[in-house]
Amino acid sequence: MGDKKLPLIYNQLYDAYGPQGWWPAKTRFEVMVGAILTQNTNWKNVETVIAELEKQKLLKPEKLDKVTLQHLAHLIRPAGYYNQKAKTLKAFLDYLKGRDFNLEKLMRRETKELRAELLRIWGVGPETADAILLYALEKPIFVVDAYTRRVFSRMGYVDEKITYEGLRGFFEQQLDKDLELFKEFHALIDELAKRHCKTTPECAGCPVSGLCRFSSKT
DNA sequence: GGCCAGGACACCA
DNA sequence: TGGTGTCATGGC
(Lines give C-alpha, C1' and ligand atoms only; values in the text may rest on other atoms or scores of the structure.)
Protein backbone atom coordinates (compact mmCIF):
# COMPACT_ATOMS: atom_id res chain seq x y z
CA MET A 1 0.00 0.00 0.00
CA GLY A 2 3.05 2.15 0.10
CA ASP A 3 2.87 2.48 -3.65
CA LYS A 4 0.30 5.04 -4.60
CA LYS A 5 -2.11 3.64 -7.10
CA LEU A 6 -5.01 5.88 -6.27
CA PRO A 7 -3.65 8.82 -8.27
CA LEU A 8 -3.31 6.51 -11.27
CA ILE A 9 -6.88 5.28 -10.87
CA TYR A 10 -8.06 8.84 -10.55
CA ASN A 11 -6.34 9.81 -13.77
CA GLN A 12 -7.86 6.90 -15.64
CA LEU A 13 -11.33 7.74 -14.40
CA TYR A 14 -10.93 11.43 -15.16
CA ASP A 15 -9.64 10.69 -18.66
CA ALA A 16 -12.59 8.39 -19.28
CA TYR A 17 -15.43 10.38 -17.77
CA GLY A 18 -14.19 13.93 -17.45
CA PRO A 19 -15.24 16.38 -14.73
CA GLN A 20 -18.46 15.37 -12.99
CA GLY A 21 -19.41 18.74 -11.60
CA TRP A 22 -20.35 17.52 -8.16
CA TRP A 23 -22.24 18.51 -6.08
CA PRO A 24 -25.17 19.35 -8.39
CA ALA A 25 -26.73 22.26 -6.46
CA LYS A 26 -27.04 26.03 -6.67
CA THR A 27 -26.27 26.88 -3.07
CA ARG A 28 -24.39 25.50 -0.08
CA PHE A 29 -27.65 24.97 1.76
CA GLU A 30 -29.05 22.99 -1.15
CA VAL A 31 -26.02 20.72 -0.93
CA MET A 32 -26.68 20.16 2.75
CA VAL A 33 -30.34 19.34 2.24
CA GLY A 34 -29.47 17.02 -0.64
CA ALA A 35 -26.83 15.25 1.45
CA ILE A 36 -29.46 14.39 4.04
CA LEU A 37 -32.20 13.47 1.59
CA THR A 38 -30.01 11.17 -0.48
CA GLN A 39 -29.27 8.81 2.41
CA ASN A 40 -29.70 5.33 0.97
CA THR A 41 -31.93 6.80 -1.72
CA ASN A 42 -31.84 7.19 -5.47
CA TRP A 43 -30.72 10.70 -6.41
CA LYS A 44 -33.63 11.05 -8.81
CA ASN A 45 -36.04 10.93 -5.89
CA VAL A 46 -34.03 13.64 -4.17
CA GLU A 47 -34.18 15.87 -7.23
CA THR A 48 -37.96 15.69 -7.14
CA VAL A 49 -38.00 17.00 -3.59
CA ILE A 50 -35.34 19.65 -4.16
CA ALA A 51 -37.32 20.97 -7.13
CA GLU A 52 -40.48 21.19 -5.04
CA LEU A 53 -38.69 22.95 -2.19
CA GLU A 54 -37.22 25.37 -4.69
CA LYS A 55 -40.64 25.97 -6.18
CA GLN A 56 -42.04 26.76 -2.76
CA LYS A 57 -39.04 28.97 -2.02
CA LEU A 58 -38.06 26.91 0.99
CA LEU A 59 -34.44 26.29 0.04
CA LYS A 60 -33.17 28.82 2.53
CA PRO A 61 -32.35 27.76 6.08
CA GLU A 62 -34.41 30.55 7.64
CA LYS A 63 -37.44 29.54 5.56
CA LEU A 64 -37.18 25.79 5.97
CA ASP A 65 -36.68 26.25 9.69
CA LYS A 66 -40.19 27.66 10.00
CA VAL A 67 -41.83 24.60 8.45
CA THR A 68 -43.36 22.19 10.97
CA LEU A 69 -42.02 18.67 11.33
CA GLN A 70 -45.23 17.19 9.96
CA HIS A 71 -45.35 19.44 6.93
CA LEU A 72 -41.66 18.89 6.29
CA ALA A 73 -42.21 15.13 6.30
CA HIS A 74 -45.00 15.58 3.79
CA LEU A 75 -42.86 17.75 1.54
CA ILE A 76 -39.97 15.32 1.37
CA ARG A 77 -42.08 12.19 0.98
CA PRO A 78 -40.77 11.24 -2.50
CA ALA A 79 -37.25 10.92 -1.08
CA GLY A 80 -38.27 8.02 1.16
CA TYR A 81 -37.66 7.54 4.91
CA TYR A 82 -39.49 10.83 5.18
CA ASN A 83 -40.16 10.68 8.92
CA GLN A 84 -36.53 10.05 9.75
CA LYS A 85 -35.24 12.60 7.28
CA ALA A 86 -37.67 15.26 8.45
CA LYS A 87 -36.39 14.73 11.97
CA THR A 88 -32.81 14.92 10.74
CA LEU A 89 -33.46 18.10 8.78
CA LYS A 90 -35.06 19.65 11.84
CA ALA A 91 -32.08 18.73 13.99
CA PHE A 92 -29.74 20.09 11.36
CA LEU A 93 -31.70 23.33 11.07
CA ASP A 94 -31.59 23.69 14.85
CA TYR A 95 -27.84 23.38 14.61
CA LEU A 96 -27.65 26.07 11.93
CA LYS A 97 -30.02 28.34 13.82
CA GLY A 98 -27.74 28.11 16.83
CA ARG A 99 -25.07 29.57 14.55
CA ASP A 100 -27.28 32.32 13.17
CA PHE A 101 -27.66 30.46 9.84
CA ASN A 102 -24.26 31.89 8.99
CA LEU A 103 -22.66 29.38 6.62
CA GLU A 104 -19.71 31.61 5.77
CA LYS A 105 -18.78 31.78 9.41
CA LEU A 106 -19.18 28.02 9.67
CA MET A 107 -16.68 27.60 6.85
CA ARG A 108 -14.03 29.42 8.82
CA ARG A 109 -14.20 26.86 11.60
CA GLU A 110 -11.59 24.18 12.00
CA THR A 111 -12.45 21.00 10.12
CA LYS A 112 -12.01 18.50 12.91
CA GLU A 113 -14.24 20.15 15.47
CA LEU A 114 -16.76 21.05 12.79
CA ARG A 115 -16.95 17.39 11.82
CA ALA A 116 -17.41 16.37 15.45
CA GLU A 117 -20.28 18.82 15.77
CA LEU A 118 -22.02 17.56 12.65
CA LEU A 119 -21.71 13.98 13.87
CA ARG A 120 -23.56 14.93 17.05
CA ILE A 121 -26.63 15.95 15.05
CA TRP A 122 -29.32 13.27 15.09
CA GLY A 123 -29.49 11.48 11.73
CA VAL A 124 -26.17 12.81 10.50
CA GLY A 125 -23.68 9.97 10.22
CA PRO A 126 -20.13 10.00 8.85
CA GLU A 127 -21.00 10.00 5.17
CA THR A 128 -23.57 12.76 5.42
CA ALA A 129 -21.26 14.84 7.61
CA ASP A 130 -18.37 14.41 5.20
CA ALA A 131 -20.47 15.21 2.15
CA ILE A 132 -21.55 18.44 3.84
CA LEU A 133 -17.98 19.22 4.84
CA LEU A 134 -16.53 18.57 1.39
CA TYR A 135 -19.20 19.83 -0.98
CA ALA A 136 -20.91 22.54 1.04
CA LEU A 137 -18.25 23.83 3.42
CA GLU A 138 -15.26 23.15 1.14
CA LYS A 139 -13.23 21.18 3.63
CA PRO A 140 -10.80 18.58 2.21
CA ILE A 141 -12.39 15.47 3.68
CA PHE A 142 -12.64 12.40 1.47
CA VAL A 143 -16.20 11.13 1.23
CA VAL A 144 -16.59 7.37 1.02
CA ASP A 145 -19.86 5.58 0.46
CA ALA A 146 -21.32 2.20 -0.42
CA TYR A 147 -20.06 2.62 -3.99
CA THR A 148 -16.54 3.35 -2.83
CA ARG A 149 -16.50 0.27 -0.62
CA ARG A 150 -17.88 -1.94 -3.37
CA VAL A 151 -15.52 -0.71 -6.07
CA PHE A 152 -12.30 -0.80 -4.07
CA SER A 153 -12.99 -4.08 -2.29
CA ARG A 154 -13.82 -5.67 -5.65
CA MET A 155 -10.65 -4.31 -7.14
CA GLY A 156 -8.79 -5.94 -4.28
CA TYR A 157 -7.47 -2.88 -2.47
CA VAL A 158 -9.44 -3.12 0.77
CA ASP A 159 -11.48 -5.67 2.67
CA GLU A 160 -15.18 -5.28 1.97
CA LYS A 161 -15.78 -5.11 5.71
CA ILE A 162 -13.43 -2.20 6.26
CA THR A 163 -14.88 0.46 8.52
CA TYR A 164 -15.94 3.87 7.26
CA GLU A 165 -12.99 5.55 8.93
CA GLY A 166 -10.64 2.87 7.68
CA LEU A 167 -11.75 3.39 4.12
CA ARG A 168 -11.54 7.16 4.43
CA GLY A 169 -8.03 6.83 5.80
CA PHE A 170 -7.07 4.63 2.86
CA PHE A 171 -7.81 7.52 0.53
CA GLU A 172 -6.60 10.43 2.58
CA GLN A 173 -3.23 8.80 3.26
CA GLN A 174 -2.50 8.28 -0.40
CA LEU A 175 -3.79 11.52 -1.83
CA ASP A 176 -2.74 15.13 -1.58
CA LYS A 177 -5.15 17.08 0.59
CA ASP A 178 -6.67 18.76 -2.43
CA LEU A 179 -10.26 19.99 -2.27
CA GLU A 180 -11.01 19.71 -5.98
CA LEU A 181 -9.33 16.31 -6.22
CA PHE A 182 -11.45 14.99 -3.36
CA LYS A 183 -14.65 16.36 -4.87
CA GLU A 184 -13.94 14.97 -8.30
CA PHE A 185 -12.59 11.58 -7.23
CA HIS A 186 -15.61 10.72 -5.13
CA ALA A 187 -17.93 11.67 -7.99
CA LEU A 188 -15.91 9.62 -10.48
CA ILE A 189 -16.00 6.57 -8.22
CA ASP A 190 -19.78 6.80 -8.03
CA GLU A 191 -19.98 7.13 -11.79
CA LEU A 192 -17.78 4.07 -12.22
CA ALA A 193 -19.91 2.08 -9.80
CA LYS A 194 -23.11 3.02 -11.57
CA ARG A 195 -21.70 2.00 -14.95
CA HIS A 196 -19.50 -1.01 -14.34
CA CYS A 197 -19.45 -2.13 -10.74
CA LYS A 198 -23.01 -3.02 -9.83
CA THR A 199 -24.16 -5.86 -7.61
CA THR A 200 -23.00 -8.26 -10.29
CA PRO A 201 -19.56 -7.53 -11.77
CA GLU A 202 -19.83 -5.99 -15.20
CA CYS A 203 -16.20 -5.37 -15.94
CA ALA A 204 -16.57 -5.00 -19.70
CA GLY A 205 -15.80 -1.45 -20.65
CA CYS A 206 -14.39 -0.49 -17.28
CA PRO A 207 -11.84 2.29 -17.81
CA VAL A 208 -9.62 1.19 -14.91
CA SER A 209 -7.09 -1.05 -16.62
CA GLY A 210 -4.16 -2.85 -15.08
CA LEU A 211 -4.94 -1.59 -11.58
CA CYS A 212 -7.83 -3.91 -10.71
CA ARG A 213 -7.52 -7.61 -10.01
CA PHE A 214 -10.22 -8.23 -12.60
CA SER A 215 -8.60 -6.24 -15.35
CA SER A 216 -6.40 -7.82 -17.97
CA LYS A 217 -2.92 -6.63 -17.23
CA THR A 218 -1.63 -5.69 -20.62
C1' DG B 1 -42.92 -8.00 -8.98
C1' DG B 2 -38.44 -8.12 -6.84
C1' DC B 3 -34.43 -5.48 -6.27
C1' DC B 4 -31.94 -1.53 -5.28
C1' DA B 5 -30.76 3.21 -4.40
C1' DG B 6 -25.01 8.68 -3.21
C1' DG B 7 -27.23 5.79 5.44
C1' DA B 8 -28.25 6.12 10.17
C1' DC B 9 -30.12 4.66 14.46
C1' DA B 10 -31.86 1.42 18.03
C1' DC B 11 -31.19 -2.69 20.22
C1' DC B 12 -28.79 -6.72 21.37
C1' DA B 13 -25.03 -9.89 22.72
C1' DT C 1 -17.60 -3.41 17.91
C1' DG C 2 -20.31 -6.13 15.36
C1' DG C 3 -24.61 -8.10 13.56
C1' DT C 4 -29.57 -7.43 12.60
C1' DG C 5 -34.04 -4.97 12.10
C1' DT C 6 -36.25 -0.66 10.77
C1' DC C 7 -37.17 3.24 8.12
C1' DA C 8 -40.02 4.16 2.51
C1' DT C 9 -40.35 6.06 -2.02
C1' DG C 10 -39.78 5.54 -6.99
C1' DG C 11 -37.30 3.59 -11.13
C1' DC C 12 -36.09 -0.27 -13.66
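Just so it is clear: chains get the letters A, B, ... in the order the sequence lines come, proteins before strands, and each one is counted from 1.
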Legend entry - Nucleotide C:dT9, atom P - distance to CG of A:Asn83 in whole Å: 9 Å
Legend entry - Earlier contact from the 5' end, DNA chain C, for A:Asn40 and A:Thr48: A:Asn40
Legend entry - Note, A:Leu6 side chain near A:Phe142 side chain (heavy atom, < 4.5 Å): no
Inset, instruction - Describe the nucleic acid contact of A:Gly80 in one word from base, sugar-phosphate, nothing, applying a heavy-atom distance below 4.0 Å. - result: base
Legend entry - OP1 or OP2 of B:dA8 under 4.0 Å from side-chain N/O of A:Thr128: yes
Inset, instruction - Would you classify A:Gln84 as touching base, sugar-phosphate or nothing, given that sugar-phosphate means primed atoms plus P, OP1 and OP2, and contacts are heavy atoms under 4.0 Å? - result: base
Legend entry - N or O in side chain of A:Tyr82 less than 4.0 angstrom from C:dT9 OP1/OP2: yes
Legend entry - Atom pair distance, as rounded to whole Å: NZ in A:Lys85 and P in C:dT6: 18 Å
Legend entry - CA sep, side-chain torsions, deciding dist, call: A:Tyr95, A:Val124, side-chain contact (heavy atoms from CB on, under 4.5 Å): CA-CA 11 Å; A:Tyr95 172 77; A:Val124 175; over 6 Å; no
Legend entry - Residue closer to the 5' end of DNA chain B, A:Tyr135 versus A:Lys87 (nearest nucleotide): A:Tyr135
Inset, instruction - For residues A:Leu137 and A:Met32, determine if any side-chain heavy atom of one lies less than 4.5 Å from a side-chain heavy atom of the other. - result: yes
Inset, instruction - Just compare B:dA8, C:dG11, C:dT9 and give me whichever is closest to any side-chain atom of A:Arg77. - result: C:dT9
Legend entry - Integer-rounded Å distance: C:dG10 P and A:Leu37 CG: 13 Å
Inset, instruction - Name the nucleic acid region contacted by A:Trp22, choosing base, sugar-phosphate or nothing; use a 4.0 angstrom heavy-atom cut-off, strictly under. - result: base
Legend entry - Flag side-chain contact, heavy atom, 4.5 Å: A:Arg77 against A:Tyr82: yes
Legend entry - Atom pair distance, as rounded to whole Å: NZ in A:Lys161 and C1' in C:dG2: 9 Å
Legend entry - Presence of A:Asn45 side-chain N/O under 4.0 Å of C:dG11 phosphate oxygens OP1/OP2: no
Inset, instruction - Could you state the atom-to-atom distance from CZ of A:Arg120 to P of B:dA8 in whole Å? - result: 17 Å
Inset, instruction - For A:Lys60, look at atom NZ and say whether over 12 heavy atoms of other residues, nucleotides or ligands are found less than 6.0 Å away. - result: no
Legend entry - Gap between atoms CD1 and C1', on A:Ile36 and B:dC9 respectively (whole Å): 15 Å
Legend entry - Among B:dA5, C:dT9, C:dC7, the nucleotide that comes nearest once only the side chain of A:Asn42 is considered: B:dA5
Inset, instruction - Using a 4.0 Å heavy-atom cut-off across all strands, classify A:Val46 as base, sugar-phosphate, or nothing. - result: nothing
Legend entry - Atom P, compared across C:dG5 and B:dC3: separation rounded to whole Å: 16 Å
Inset, instruction - To the nearest Å, give me how far apart CG (A:Asp190) and C1' (B:dA5) are. - result: 11 Å
Inset, instruction - Fit a plane to each ring of A:Phe170 and A:Tyr157, take the angle between them on a 0 to 90° scale, and name the class: parallel (under 30°), tilted (30 to 60°) or perpendicular (over 60°). - result: tilted
Inset, instruction - Grab the CG-P distance between A:Leu118 and B:dA8 for me, whole Å please. - result: 12 Å
Inset, instruction - Have a look at A:Ala131 and say if it touches a base, only the backbone sugar-phosphate, or nothing, with a 4.0 Å heavy-atom cut-off. - result: nothing
Inset, instruction - Would you please confirm or rule out a distance under 4.0 Å between OP1 or OP2 of B:dC4 and any side-chain N or O of A:Arg150? - result: no
Legend entry - Any A:Trp122 side-chain nitrogen or oxygen under 4.0 Å from OP1 or OP2 of B:dG7: no
Inset, instruction - Determine the interatomic distance between P on B:dC11 and the same-named atom on C:dA8; round to the nearest Å. - result: 16 Å
